[in-house]
There are 2 protein chains.
Amino acid sequence: MPQQAAGARRAPLNRERVLRAAVALADRAGIDALSMRNLAQELDVVPMALYKHVANKEELLDGMVDTVVGEIEPPTAGADWKSAIRRRVLSARRALLGHPWASRVIESRTSPTPAVLDYLNSIIGTFRAGGFSVDLTHQVMHALGSRMWGFTQELFPAAPSVDPQAQAATFAAMAARYPHILEMAMAGSHRDESIVGGGCDDQAEFEFALDLLLDGFERLHRQGWTLPRA
Amino acid sequence: MPQQAAGARRAPLNRERVLRAAVALADRAGIDALSMRNLAQELDVVPMALYKHVANKEELLDGMVDTVVGEIEPPTAGADWKSAIRRRVLSARRALLGHPWASRVIESRTSPTPAVLDYLNSIIGTFRAGGFSVDLTHQVMHALGSRMWGFTQELFPAAPSVDPQAQAATFAAMAARYPHILEMAMAGSHRDESIVGGGCDDQAEFEFALDLLLDGFERLHRQGWTLPRA
DNA sequence: ACCTGAACACCGTTCAAGT
DNA sequence: ACCTGAACACCGTTCAAGT
């Protein structure tokens with residue numbers, strides 16, 4: 001019912017209001033619930049009204065990404081490259097943690113948006129300012145990969161939500177067939193949230209991998225790494 | 001037109017034929033073109049016929065993942081952990097390279113399939129057999145992340161396909177606003193395929209990051225790494 | 001046992017029209 | 001300038017029926 005009550009004027013739509021509503025809807029109901037039609041309903045408007053402010057759904061998603069990426073803290077001046085990158089990446093992580101859909105959507109975009117390019121440009125600039133060669137910067141940017149956005153792929157997909165009764169049977173079956181997975185899952189978490197993957201200390205794990213990479217970068221940089229057979 | 005020509009009996013459908021056709025269709029036309037309806041048409045059958053062999057689209061995608069993951073070489077016996085993992089990951093990479101949709105679909109699955117669990121289990125087992133503690137194995141599995149499947153996230157989304165004329169203008173605008181990106185893109189490839197991202201030597205870059213990680217793992221393992229404040 | 005046809009409840013998006 | 005209504009060409013999936 002996009003019809004408003006007679007006389008109740010609603011605020012006029014604009015791009016920002018559309019994007020904010022889209023982010024809020026995706027945050028609350030998940031990215032799958034974000035259809036142009038649902039979003040329109042949320043804004044008390046007919047679906048086609050959105051197309052005046054956003055060319056199509058792709059552009060809507062791009063705008064949502066820019067909204068989230070815009071929340072990443074600007075670079076800190078006067079820090080060495082390593083702590084500058086570390087801070088920045090952890091800030092990206094905080095920005096994205098509030099929007100569970102964001103990592104997936106960032107990866108699915110087919111052309112980079114301005115905010116994304118700004119972020120990439122400034123990360124690259126930080127390595128260059130730290131004395132990294134262009135070639136090494138290129139390599140480490142790829143090595144960083146999506147971790148640059150502060151997230152790691154889920155190792156195990158979300159744990160299957162089975163009822164507690166079936167869980168025991170699943171558990172036994174898994175133990176027989178996937179003993180290593182079980183062992184790791186058992187040791188990893190003493191919060192017994194799920195058989196696989198649940199209960200990990202994500203933040204610590206993220207930082208483990210991030211620091212492993214940063215330390216590796218530092219080592220190569222100090223050793224004067226160059227492109228093999230350049 | 002699912003109707004077959006009179007008298008021309010077609011091979012009866014079965015799960016494997018459905019999965020093979022789905023993989024072929026996604027390979028050829030892209031994952032977006034893989035709808036139950038298109039797939040049915042490909043198999044010269046009415047859409048609902050598929051549902052006898054596959055519970056729903058999710059299960060179809062799971063089956064496709066298993067098909068690709070099943071192409072990964074089995075573990076090599078008698079190698080040290082490092083070269084065993086390296087071989088395996090590069091084999092995964094070869095398996096996935098033939099199916100451009102596979103990395104995205106693997107990441108999007110919400111519950112792990114048997115072939116995926118087998119692969120995870122055997123990778124974990126390789127670290128354990130190499131003497132890694134359960135905790136360190138856990139950390140390094142997360143650090144490996146999606147690189148375990150032989151792929152890295154695209155750093156830059158696919159280059160926007162603009163006509164050559166507009167390319168020059170884009171180029172100049174990018175140089176002004178994103179100088180670091182430009183510098184890196186120029187140096188990275190002397191094949192001038194696109195402004196950002198194109199022309200990278202993906203295989204070399206993948207191995208750079210993989211070896212950086214493996215070397216880091218080895219160092220921590222040798223140093224007797226343990227969970228901080230366990 | 002396997003396949004079909006029609007229908008349901010959705011999508012994104014175009015076009016021509018309203019105010 | 002901004003919003004609407006109806007329509008188009010798609011989705012995945014259910015149900016009841018055919019052979």
Side-chain angles (χ1 to χ4, degrees), chain A residues 1-23 25-26 28-65 101 104-105 108-111, chain B residues 1-23 25-26 28-65 101 104-105 108-111:
Chain A
M1 262 117 266
Q3 226 63 281
Q4 55 185 303
R9 262 330 230 314
R10 73 177 164 252
L13 229 49
N14 58 44
R15 193 165 206 273
E16 207 205 313
R17 235 162 67 76
V18 169
L19 293 182
R20 270 214 313 268
V23 168
L25 178 56
R28 175 163 38 82
I31 194 71
D32 287 342
L34 182 82
S35 67
M36 297 301 272
R37 291 163 122 105
N38 282 347
L39 178 56
Q41 190 171 261
E42 201 78 8
L43 288 161
D44 203 18
V45 114
V46 99
M48 275 316 295
L50 301 174
Y51 286 79
K52 267 273 119 65
H53 305 99
V54 121
N56 49 40
K57 193 174 182 185
E58 292 292 285
E59 202 191 286
L60 176 73
L61 291 169
D62 281 343
M64 293 169 68
V65 167
W101 48 270
R104 246 194 228 312
V105 175
S108 73
R109 296 302 65 216
T110 52
S111 68
Chain B
M1 258 119 269
Q3 225 66 276
Q4 55 184 301
R9 263 329 230 313
R10 73 177 164 252
L13 229 46
N14 58 42
R15 193 163 206 275
E16 207 205 313
R17 233 162 67 77
V18 169
L19 293 182
R20 270 214 312 269
V23 167
L25 178 56
R28 175 162 39 80
I31 195 71
D32 286 343
L34 182 84
S35 67
M36 297 301 273
R37 290 163 122 106
N38 282 345
L39 178 57
Q41 189 171 264
E42 201 78 5
L43 287 161
D44 202 18
V45 113
V46 99
M48 276 316 295
L50 300 174
Y51 286 80
K52 267 273 120 62
H53 304 100
V54 120
N56 49 38
K57 194 176 181 184
E58 292 293 283
E59 202 192 286
L60 175 73
L61 290 170
D62 281 344
M64 292 169 70
V65 167
W101 47 270
R104 246 194 229 313
V105 175
S108 74
R109 297 301 65 218
T110 52
S111 68

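A note on names: the letters A, B, ... follow the listed sequences, proteins ahead of strands, and every chain is numbered from 1.
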Next item on the list: Determine, for nucleotides 12-19 of chain D in 5'-to-3' order, which nucleotides have protein heavy atoms under 4.0 Å from the base (write B), from only the sugar-phosphate (write S), or from neither (write -).
Entry: BBBB----
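Partner assigned to C:dG18 is D:dC2, using Watson-Crick or G-U wobble distances below 3.5 angstrom. The nucleotide D:dT13 finds its pairing partner in C:dA7, both defining distances of the Watson-Crick or G-U wobble pair being shorter than 3.5 Å.
No side-chain heavy atom of A:Leu39 sits under 4.5 Å from any side-chain heavy atom of A:Val45. The shortest side-chain heavy-atom distance between A:Glu16 and A:Arg20 falls under the 4.5 Å cut-off. Residues A:Glu42 and A:Arg28 meet the side-chain proximity criterion, which asks for heavy atoms closer than 4.5 Å. Within the 4.5 Å cutoff, no side-chain heavy atoms of A:Glu59 are placed close to those of A:Met64. Proximity of B:Met48 to B:Met36: side-chain heavy atoms (C-beta onward) are nowhere separated by under 4.5 Å.
Atom pair B:Leu43:CG and C:dC3:C1' shows a separation of 13 Å (rounding to whole Å applied). Atom CG in A:Leu61 sits roughly 14 Å away from atom C1' in C:dC11 (whole-Å rounding). Atom NE2 in B:His53 sits roughly 9 Å away from atom C1' in C:dC3 (whole-Å rounding).
Closest approach of A:Ala22 and A:Leu60 over heavy atoms only: CB-CD1, 3.9 Å.
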